[in-house]
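In the text below, chain A, chain B and the rest are named by the order of the sequence lines, each starting its count at 1.
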Amino acid sequence: MAKELAKQYDPKMVEDRIYKTWLDGKYFHAEINEGKPSYTIVIPPPNITGQLHMGHALDNTLQDILIRFKRMQGFDTLWLPGTDHASIATEAKIVEAMREDGITKDDIGREGFLERAWEWKRTYGGRIIEQLKKLGASCDWDRERFTMDEGCNRAVIEVFVNLYDKGLIYRGARMVNWCPTCGTSISDAEVEYEEKDGNFWHLYYPVKETGEFLELATTRPETMLGDTAVAINADDPRYKHLHGCHVILPLLNKEIPIVCDEHADMEKGTGVVKITPAHDPNDFEVGKRHNLPMVRILTYSGKMTGKTDKDEYDELIKSGKAATDEPEVLDTGKYAGMDVLTARMAILKDLEKGGFLKEIEPITHQVGTCYRCHTAIEPMVSRQWFVKMEPLAKPAIDVVKNGETKFVPERFEKIYFNWMENIKDWCISRQLWWGHRIPAYYCDDCGEIVVSRVEEHTCPKCGGNMTQDPDTLDTWFSSALWPFSTLGWPEKTADLEHFFPTNTLVTGYDIIFFWVARMIFSSCENMGETPFDTVLIHGLVRDAQGRKMSKSLGNGIDPLEIIEKYGADALRFTLATGNSPGNDMRFSDEKVEASRNFANKIWNASRFVLMNLNEKEPVPYIPDNIALEDKWILSKYNNLVKEVTDSLERYELGLAVSKLYDFIWDIFCDWYIEFTKTRLNSEGEEKETAKAVLVYVLSNTLKLLHPFMPFITEEIWQTLPHDGESIMISEWPKFDESLNFEAEETEMQRIMEAIKAIRNRRAEMNVPPSRKAQLNIITDYADTFNYGKQFFVKLASAAEINVGNSFESEGSVAVVTSDATIYMPLADLVDFEAERKRLQKELDVVNKDITMLSNKLANEGFLAKAPAAVIEGEKIKLEKAQEKFTNLTAQLEKL
RNA sequence: GCACAUUUAGCUCAGUUGGUAGAGCACUCGCUUGACGUGCGAGUGGUCAGCGGUUCAAGUCCGUUAAUGUGCACCA
């Protein structure tokens, strides 16, 4: 047993070594014990492309705190780790890397690309896992999963086929969000709206029948080539005469109808709207209502369509392979091949030339952008796979409504309901290669569609060759199954039986829609129940100025650097402190320094305790003949157990950690350790008692702190006398009624109040600690103060101490508390005039208190309606104030 | 436009069912007190954003205003 510890705590000497002992001990590994309650957390799987950032650090610290707490409480605890294939992000990264080598996806083909992708996964996929270990994460690494591993893949196919069979997955040409950069459709949730400067271009469209010009405005003039109608409101008096008329579409000289539709708002602009069904979500709906043709003018790479595009389409139509619900393709002629902005300028120029451009009105508007690459998304009609959401949303709303799943804090339920109740069908197909390939097969000859768990090569209808859909699924489709796919579903595994449904899901508010909501409805649908009972939502970690940490700002703080500099415990402690659920927090080095200092404080307190121990000390116990101060600390400690446990159970991790901080630093270190010093300097039973209580309180407090600061608590605990292999599998302390010593707490309070008052007095008078003073104490609590003599000597620079009924006050400074008047003969230092002023000032304060309290106690409303305990409390306060008043007046009179 | 959040000491933030406010950092003064100067002791500093209401009692509940932030919607 190494009792000599370094003066300062050095995390680097400790963390990796300790983590290895935990791994070797298999403490993270979850065992199934029949009949034992389980507690499960599934990790929000980080992207394989990812590096640990502060968001991960916070998220995983919170999870580790909960898991370690529950593990010590005796649950069968499983924290299931894993990573996400992150289709768009990963594919983009690999394409980027290939571009540097001058290779494109088409050069190497699908097979070649996937080989590279898997290679990437093998090389970098484990990186973030290693980083989580640095943080101290106690995940069951034996159960690590990957969203594209065999089991998850199977679950994905199973769910897809099931939903398809139920008619909840369908394929069709719908309005989707198209990202020209990523080259894929994305879901509504993946569109982020950004405020951008733009223009309203006011255009004229000539009316065929009347020859007049209809004015309308658009932010996207280039889409006019795809216009197939102009809409007006049926009730609009300005345009009554135009019902059933047509306009001639400028530039194309094409006749398109004027339709009456509610979409046209009389209040807005001129009340006339151009309708481009293939490139605008609202227009798409108008088109459906009026059976308008759809004309596509953009390729999937965001260029204006040309002759080849049109020929391709015509070919498909001829062969019967194009779906009838897909838009026809226009050869935009001179604009073909231009990107959107170039085409816009060219078209505007031509419109202006033709006299069709009335004016340009600058505006700012919200533009939808891709959440991955932030390019403006193009609304396009495209044939994709969708999940029919309405039937799935219903049960998912119910489980939250009826409390089977609770959000912490509760306010996030509103956001959840708001989304779920207005949900639109989910576009799940992506034009990417890295991901789960859609298990749909199409007959090359007759076009038959088969959705199947196994590969289909022959058409069941005509015997022709079948080809699998080239698209992959939205990454979030597989993450949505994470809570059960990782436990073995669709197999009925023992893990699934024991650990599902899981308990707490910890995540940031930014992925409630992407992930949390989808897990809930997926679980309701496939498992018949909610995937977790609690969703603990945390906020963002921002920089010291409150800005979001981002790559472009370069203000990100690397958690690994913080760990390197201050230790993982300090980082964890910082992230857990001053953080209330759902709120953002600011991160700064100063905060980590404070945490580091706290770790050092614990280290040194422990060093002190260890210094006083012999080679063989008994494991922590409470001796029989404990002293007043022992009862005081035990009572305080007991209360701490209750508060920390309650706070953790209510997910108030920040509150729990600050209680621990206060107890350890203020109560244990600043007071109790000091109280024990006299006894530790003695020999015999007294010393043994002090040691035992020190070890007991320290050791158990370390247990309470362990979930927050796992490394240092383990390191110290191992050095202290202990039972068992590791603090992380030791038993969580329980509140113990027999450790409640209220009377003794009050007694110690009297002594401590006096010590503080004396210190205060001496500091005001600039008496150095080296100058010891005699204390003459008049009090009604003679026994307590006689007992307290030892502490006055040690903590209040006292020399000789007398407790009695009256003393000569001449030439003394008086220190007045509600329990005692203490004279310090420091005649040479006393300024009597100042002394009088000070006493008067103190008296004023007490007087004010007395007035306030007696008014309150004279208030009939208060007496009639306030709870008895509160009234009693106020009475005691008043008594104390009055006692102090008496003591003070006596003093003043004597001066 | 709708909703939600935030507004407490110079700074960053706690404040658990309503009982007249706390911490860390910063600042001031003092301290080689044999665990720790990454420390110890003492102190300065707040009409808890404004207004109104409920209540015996409001930082805490309700309404309202303002500022800031976020989500959703609109955006021809």
Side-chain angles (χ1 to χ4, degrees), chain A residues 5 7-9 193 198 200-203 216-220 230-231 263-265 268-276 280 282-283 286 363-367 409 411-412 414-415 418-419 422 509-510 512-513 539-540 544 546 566 570 577-580 582-588 590-591 593-612 643 646-647 650 652 654-655 658 661-662 665-666 669-670 673-674 677 681 755-756 759-764 766-770 794-797 852 856 859-867 869-871 873-874:
Chain A
L5 298 180
K7 214 168 171 184
Q8 284 182 357
Y9 173 60
Y193 289 89
F200 266 139
W201 282 277
H202 293 253
L203 308 179
L216 51 81
T218 176
T219 54
R220 309 212 39 203
V230 158
H263 173 58
D265 186 338
K268 282 187 189 160
T270 57
V272 185
V273 194
K274 65 193 269 301
I275 302 297
T276 323
D280 181 281
N282 288 311
D283 295 3
V286 176
I363 52 156
T364 56
H365 59 154
Q366 302 272 87
V367 178
R411 65 185 139 96
F412 288 101
K414 261 188 199 164
I415 296 176
N418 186 274
W419 193 72
N422 299 293
Y509 53 67
D510 46 339
I512 293 177
F513 302 146
L540 266 39
Y566 300 101
T577 304
N579 187 1
S580 53
N583 288 358
D584 291 353
M585 66 176 303
R586 294 185 197 207
F587 190 92
S588 64
E590 292 78 62
K591 287 185 181 177
E593 267 174 42
S595 305
R596 187 267 322 264
N597 294 351
F598 179 54
N600 197 52
K601 186 71 183 173
I602 300 162
W603 182 256
N604 277 292
S606 306
R607 219 157 64 89
F608 172 79
V609 173
L610 288 164
M611 254 172 44
N612 287 288
E643 287 183 329
D646 287 355
S647 298
R650 286 200 313 269
E652 295 274 8
L655 211 56
S658 69
Y661 182 94
D662 292 344
W665 204 310
D666 298 340
C669 292
D670 289 347
I673 283 185
E674 298 303 328
K677 281 182 179 171
N681 282 338
I755 290 171
K756 281 191 259 189
R759 283 171 173 173
N760 179 337
R761 205 74 272 282
R762 294 176 54 107
E764 270 179 23
N766 276 319
V767 188
S770 52
K794 204 82 187 140
L795 305 177
S797 304
M852 191 265 289
K856 204 167 188 180
N859 183 333
E860 279 177 35
F862 177 72
L863 293 174
K865 294 186 179 173
V870 174
I871 296 176
E874 300 298 298

Is A:V870 close to A:F862 at the side-chain level, that is, under 4.5 Å between some pair of heavy atoms? yes
Taking side-chain contact (heavy atoms from CB on, under 4.5 Å) as the definition, give me every residue that meets it alongside A:D670, ordered by chain and number, with sequence neighbours left out. A:K601, A:W665, A:D666
Please report the distance separating the P of B:A35 from the corresponding atom of B:G41, rounded so that it comes out in whole Å. 14 Å
Tell me what A:R220 touches on the nucleic acid: a base, only sugar-phosphate, or nothing, going by heavy atoms under 4.0 Å. nothing
Not counting sequence neighbours, which residues clear side-chain contact (heavy atoms from CB on, under 4.5 Å) with A:R650? List them please. A:D646, A:S647, A:E652, A:L655
Under-4.0 Å side-chain N/O to phosphate OP1/OP2 contact, A:R586 with B:C13: yes
Just call it for A:Q366: base, sugar-phosphate, or nothing, with non-hydrogen atoms closer than 4.0 Å on any strand. base
Give the nucleotide from the list B:C40, B:U20, B:C72 with an atom nearest to the side chain of A:N418. B:C72
Excluding sequence neighbours, so at least two apart, what forms side-chain contact (heavy atoms from CB on, under 4.5 Å) with A:T276? A:T223, A:D227, A:K274, A:H279, A:D283
Which residues pass the salt bridge (Lys or Arg N to Asp or Glu O under 4.0 Å) test with A:K591, not counting sequence neighbours? none
Once Watson-Crick and G-U wobble pairs under 3.5 Å are found, how is RNA chain B written in dot-bracket notation, 5' to 3', with | for any base paired to another strand? (((((((..((((.....[..)))).(((((.......))))).....(((((..]....))))))))))))....
Any N/O pairs under 3.5 Å between the protein and nucleotides 31-33 of chain B? List them or say none.
none

What is the distance from OH of A:Y566 to C1' of B:C25, rounded to the nearest Å? 13 Å
What's the closest nucleotide to the side chain of A:K7 if the choices are B:G37, B:C75, B:G30? B:G37
For A:F200, report the nucleic acid contact type (base, sugar-phosphate, nothing); a contact means any heavy atom under 4.0 Å. sugar-phosphate
In whole Å, what separates the C1' atom of B:C75 from that of B:U68? 24 Å
Distance between the P atoms of B:G10 and B:U17, in whole angstroms? 26 Å
For a quick check of understanding: with a heavy-atom distance under 4.0 Å over all strands, which category does A:V272 fall into, base, sugar-phosphate or nothing? base
Minimum side-chain heavy-atom gap A:T219-A:F200 below 4.5 Å: yes
Closest heavy-atom pair, A:A544 versus A:S588, reported as atoms and distance to 0.1 Å, is CB-CB, 4.0 Å
Nearest-angstrom distance from the residue atom CG of A:D265 to C1' of B:C75: 11 Å
Contact nearer the 5' end of RNA chain B, comparing A:F608 with A:K274: A:F608
Nucleotide nearest A:C669 when distance is taken to its side chain, options B:C40, B:A35, B:G34: B:A35
Side chains of A:E593 and A:Y566 in contact at under 4.5 Å (non-hydrogen atoms): yes
Give me the distance, rounded to whole Å, that separates B:U7 from B:G50 when you measure between the P atoms they each carry. 13 Å
Output the rounded distance in Å from CD1 (A:I602) to P (B:G39). 12 Å
Report which part of the nucleic acid A:T218 touches: base, sugar-phosphate, or nothing (heavy-atom distance under 4.0 Å, all strands). sugar-phosphate
Out of B:U20, B:A42, B:U16, whichever nucleotide has its closest atom nearest the side chain of A:A763: B:A42
Proximity to the side chain of A:Y661 - top-ranked nucleotide from B:G19, B:G24, B:C36: B:G24
Regarding the side chain of A:K856, the nearest nucleotide among B:G19, B:G34, B:A23 is B:G19
What integer number of Å spans the C1' atoms of B:U55 and B:C62? 12 Å
Determine: side-chain N/O of A:N600 to OP1/OP2 of B:G37, distance under 4.0 Å, yes or no. no
Roughly how far, to the nearest 0.5 Å, is OH of A:Y509 from CG of A:N583? 8.5 Å
Which part of the nucleic acid, if any, lies within reach of A:K268 when heavy atoms closer than 4.0 Å are counted: base, sugar-phosphate only, or nothing? base
Among B:A35, B:C75, B:C72, the nucleotide that comes nearest once only the side chain of A:H263 is considered: B:C75
Does a side-chain N or O of A:R596 approach OP1 or OP2 of B:U38 to a distance below 4.0 Å, or not? no
Tell me every residue that passes side-chain contact (heavy atoms from CB on, under 4.5 Å) with A:E764, counting only those two or more places apart in sequence or in another chain. A:N760, A:R761, A:R838
Straight-line distance of A:I363 CD1 to A:W201 CH2, nearest 0.5 Å: 8.5 Å
Pairing residues for A:F513 by the ring pair (Phe, Tyr, Trp, His ring centres under 6.0 Å) criterion, not counting sequence neighbours: A:W419
Select base, sugar-phosphate, or nothing to describe what A:N681 touches, counting heavy atoms under 4.0 Å on all strands. base
Where the side chain of A:E652 is defined as all heavy atoms beyond and including C-beta, which of B:G15, B:C36, B:C72 is the nearest nucleotide? B:G15
At 4.0 Å (heavy atoms only), tell me whether A:I512 reaches a base, stays on the sugar-phosphate, or touches nothing. nothing
Between B:C27 (P) and A:E590 (CD): distance, integer Å: 12 Å
Does the base of B:A35 carry an N or O that pairs as donor and acceptor with the side chain of A:E674 under 3.5 Å? yes
Which pairs, protein N/O on one side and nucleotides 61-63 of chain B N/O on the other, fall under 3.5 Å?
none

Contacts of A:F598 that satisfy ring pair (Phe, Tyr, Trp, His ring centres under 6.0 Å) - sequence neighbours left out: A:F573, A:Y661
Distance between P atoms of B:U12 and B:A26 (Å, rounded): 15 Å
If we take the P atom in both B:G22 and B:A42, what is their distance in whole Å? 15 Å
Taking B:A21 as the reference, what is the distance to B:A3 when you measure between their P atoms (whole Å, please)? 35 Å
Atom CG of A:N422 and atom P of B:C2 are separated, to the nearest Å, by 17 Å
Got a sec, which residues hit salt bridge (Lys or Arg N to Asp or Glu O under 4.0 Å) with A:E674, two or more places apart in sequence or on another chain? A:K677
Can you tell me how far CG of A:N418 sits from CD1 of A:I512, rounded to the nearest 0.5 angstrom? 11.5 Å
Below the 4.0 Å mark, does B:G24 have OP1 or OP2 next to a side-chain nitrogen or oxygen of A:W665? no
Using a heavy-atom cut-off of 4.0 Å across all strands, would you classify A:D670 as base, sugar-phosphate, or nothing? sugar-phosphate
Restricting both atoms to N or O, compile the protein contacts to nucleotides 3-8 of chain B shorter than 3.5 Å, with distance only.
from, atom 1, to, atom 2, distance (Å)
B:C4, OP1, A:K414, NZ, 3.4

Quick one: is B:G43 close enough that its OP1 or OP2 comes under 4.0 Å of any side-chain N or O from A:N760? yes
Can you measure A:N766 atom CG to B:A42 atom C1' for me and round it to whole angstrom units? 10 Å
Categorize A:A605 for me: base, sugar-phosphate, or nothing, with a 4.0 angstrom heavy-atom threshold over every strand shown. base
